[in-house]
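Working notes, structure below.
Below, chain A is the first sequence line, B the second, and so on; all start at residue 1.
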2 protein chains.
Amino acid sequence: MFAPVYLDWNATTPLDPGVREAMLPWLDGRFGNASSRHEYGRQARAAIDAAREQVAAAVGAHPTEVVFTSCGSEANNLFLKGAAALMKPGLVAVSAIEHPCVREPAKQLRRAGWRMREIAVDGEGRIEAGDWADTLAERPALVSVMLANNESGVLQDVAALAREARPSGAWFHTDAVQALGKVAVDFRGLGVHALTLSAHKIGGPLGAGALVLDKRVELSPLVAGGGQERGLRSGTENVAAIVGFGAACERVTARLAQEGERLVRLRKRLEAGLAAAGMRIFSAGAPRLPNTVFFAAEGLDGETLVAKLDRAGYACASGSACSSANPEPSHTLLAMGVEPGMARAAVRVSMGRDTREADVDGFLATLSRTVDALNTLTAVAVER
Amino acid sequence: MFAPVYLDWNATTPLDPGVREAMLPWLDGRFGNASSRHEYGRQARAAIDAAREQVAAAVGAHPTEVVFTSCGSEANNLFLKGAAALMKPGLVAVSAIEHPCVREPAKQLRRAGWRMREIAVDGEGRIEAGDWADTLAERPALVSVMLANNESGVLQDVAALAREARPSGAWFHTDAVQALGKVAVDFRGLGVHALTLSAHKIGGPLGAGALVLDKRVELSPLVAGGGQERGLRSGTENVAAIVGFGAACERVTARLAQEGERLVRLRKRLEAGLAAAGMRIFSAGAPRLPNTVFFAAEGLDGETLVAKLDRAGYACASGSACSSANPEPSHTLLAMGVEPGMARAAVRVSMGRDTREADVDGFLATLSRTVDALNTLTAVAVER
């Protein structure tokens, strides 16, 4: 198999070998329905309990606050629609740069009689203070602002926002899927009522996510049935994936500081090269994730560039790779006021534990050659 | 690890070694977000497409009719609540012996303004003709009747029910989770609009289920977001689990006839032994799954018996092991008119591809000893 250098860690990550070790017994001799009252069931239950403690510890929560779901998208939907189902229709406010799995359920609520407001961001992609004040003045019932943006890597001051929102009485949720494992995430410190996590963004497996939930928040389950996860998420628990999620949480937390510093150095090296090549780096003035660089070569099509880079041995993303085929320019950049032509040129590089200096240097050299070739083609096309 | 003989295959199954082989590459070198437009993403997409064909082939559906979900519970919830979300409130009719992941979403609809009707079953656990006629006369909008019951193993004539329901205009759904891999399941032959499947009941992994869906049925997604699965189920696809689901479908379909005959022989052997020991076998007069025996030793507590059998080396279930801790007697048996004392005595043995004659014989001998010991204890307790 042709294996380009992987620079798309915000889309998904290869399984951490230590995580795989933890999971493999549950794909081999060990198995069981955690609801079964025999030896197999008890072993499965114990494994889930242990993983719940690991996930809770990674974000400073209590294990009983962790509700396992099948993925981050499900956790975001569970919070918004699950809370709304037990309330009278009111205002749901989500930032204009949320992932589609927050924006779309908010739109579903709008179709069900709620009002929906998208909180504006400034040119750097941070929540815009005036629009935030206006939002709070409208007394939202539900607020969701992501901790780190999947495309730009911009970090929001969620602790301050949650504090400011408190008098409004809103339930405050934050999608921390991209933040976990890259920056410290502290459920209590943030002061939010709910927080979403995902395993496969941190070297864990696909198939496990979590909603960390303040017990005061009542939710109607999206998946109702056997009553698993305190009745908030029915369905036989995916033991292997949950065990892997726990192991991944423990591992990324243990190496967070060291890995964060290493990635910041790589990011600076990459950005220096991009700046020297005349690229525009989005949100360069905002606090950002250590691993993410969102940039554009003016006049080029991001999709085309990413396809050429892939063939030349570097796998990265244009716009958000988390959403399905969608030719629209990045909604994150449009919300930041970037003009559509420039937004269409955007390329995201996201790095991870396997990324090395040589990968950054190789990427920069390949990017330079690829951009030159595309510019030559464009010039020729224009001449004709 | 102490490993009792596993006789609880309706709760979950050990991973088929061939399925594990198919999955392992996706837990090792291979990975990717299927929405990513680079080599990793394309490989993931191709693997999902291949699995979709395998799942569709197992039930005679077209691959584009398969919507992957994280589990059977999610698929059942997606059908009922997803269809209802786009309709005016009406009547939802589900059989009285449905799994909680059908009954509970139906109850959620009732709280949201729908009428809910539970279709009665007769003493053998089959849909009761008179109540079914009455149900249809009320013109339900949504009907759900399971193909095979998880506890008794009773098969319903879903093809006939769906045909009879057609004039009412209802969308007809069947939960085929327990039927798949044990009896032939034919989406077109059944004439239903939607059908639920689950991987972990057929030697596949936890983390994958499917709703096979007639394209005329419009659903609002439970998990909205990036637009995966034709917009019906967002979230990064769990490639390894989906690949395993496909492999499991192919394997159980290939050995269905042979394995079905083998399990029927085992079931008859088990039932002959149970009858000789004076046990009552539920639904003995109805068409049932080849692998499932639901029985009771009058006067004993099923929970206690299952715990003793577990320690003596045989893992089976009392009532439904799919639902979480719940001291209530089996709702399937209560719906059949079995009196609560007898229902509380119920024990389920469900067999699978690893079950051998010696396991059945060993189980019968152990059961006999265990029941004698419990009866002695009870007699002593009564004397005192």
(Q) With a 4.5 angstrom heavy-atom cut-off, is it the side chain or the backbone of B:Glu98 that approaches chain A, or both, or neither? (A) neither
Q) Which region of B:Arg233, side chain (C-beta onward) or backbone (N, CA, C, O), has a non-hydrogen atom less than 4.5 Å from a non-hydrogen atom of chain A, or is it both or neither? A) side chain
(Q) Between B:Gln228 (side chain only) and B:Gly235 (backbone N and O only), is there a donor and an acceptor less than 3.5 Å apart? (A) yes
(Q) Regarding B:His99 and B:Asp175, do their side chains bring together a donor and an acceptor under 3.5 Å, going by distance alone? (A) no
**Q.** Segment of B:Pro221 engaging chain A (4.5 angstrom heavy-atom cut-off)
**A.** both
Q | chain A contact via B:Arg42 - which portion, at a heavy-atom distance below 4.5 Å | A | side chain
Q. If only atom types and distance count, is the side chain of B:Ser36 paired as donor or acceptor with the main-chain N or O of B:Gly41 below 3.5 Å?
A. no
Q. Which residues pass the side chain to side chain contact (heavy atoms under 4.5 Å, CB included) test with A:Val349, sequence neighbours left out?
A. A:Leu7, A:Leu270, A:Phe295, A:Cys316, A:Met351, A:Phe363
Q) Can you list the residues that meet the side chain to side chain contact (heavy atoms under 4.5 Å, CB included) rule with A:Asp28, with sequence neighbours excluded? A) B:Arg20
(Q) Taking side chain as everything from C-beta outward and backbone as N, CA, C, O, which of these in A:Leu24 sits under 4.5 Å from a heavy atom of chain B? Side chain, backbone, both or neither. (A) side chain
(Q) Counting only non-hydrogen atoms closer than 4.5 Å, does B:Ala315 touch chain A with its backbone (N, CA, C, O), its side chain (CB onward), both, or neither? (A) both
Q | Heavy-atom contact with chain A under 4.5 Å, split by part of B:Glu74 | A | both
Q | Best-contacting candidate, B:Arg311, B:Lys107, B:Gln108, B:Arg111, against chain A by heavy atom pairs under 4.5 angstrom | A | B:Gln108
Q) Heavy-atom distance under 4.5 Å to chain A: side chain of B:Pro105, backbone, both or neither? A) both
(Q) For chain B, which candidate among A:Leu27, A:Val306, A:Leu78 shows the most heavy-atom pairs at distances under 4.5 Å? (A) A:Leu27
Q) How long is the gap from CZ on B:Arg45 to CZ on B:Arg37, to the nearest 0.5 Å? A) 11.0 Å
Q.
As an exercise: rank B:Leu309, B:Val223, B:Thr12, B:Thr69 by heavy-atom pairs under 4.5 Å with chain A and give me the winner.
A. B:Val223
Q) Out of A:Cys101, A:Ser73, A:Ala224, which one racks up the most heavy-atom pairs below 4.5 Å with chain B? A) A:Ala224
Q. For B:Asn238, is it the side chain, the backbone, both, or neither that has a heavy atom closer than 4.5 Å to a heavy atom of chain A?
A. both
Q.
Heavy-atom pairs under 4.5 Å with chain B - which of A:Met23, A:Glu237, A:Arg103 has more of them than the others?
A. A:Glu237
Q: Could you check which of A:Leu15, A:Leu222, A:Val19 has the highest count of heavy-atom pairs closer than 4.5 Å to chain B?
A: A:Leu222
Q | Aromatic centroids of A:Phe31 and B:Tyr6 separated by under 6.0 Å | A | yes
Q: Answer with yes or no whether the side chains of A:Glu229 and A:Ser234 bring together a donor and an acceptor at under 3.5 Å.
A: no
Q) Does one side chain, of A:Glu39 or A:Gln43, offer a donor that lies under 3.5 Å from an acceptor on the other? A) yes
Q) Do B:His200 and B:Thr13 have side-chain N/O donor and acceptor atoms under 3.5 Å apart? A) no
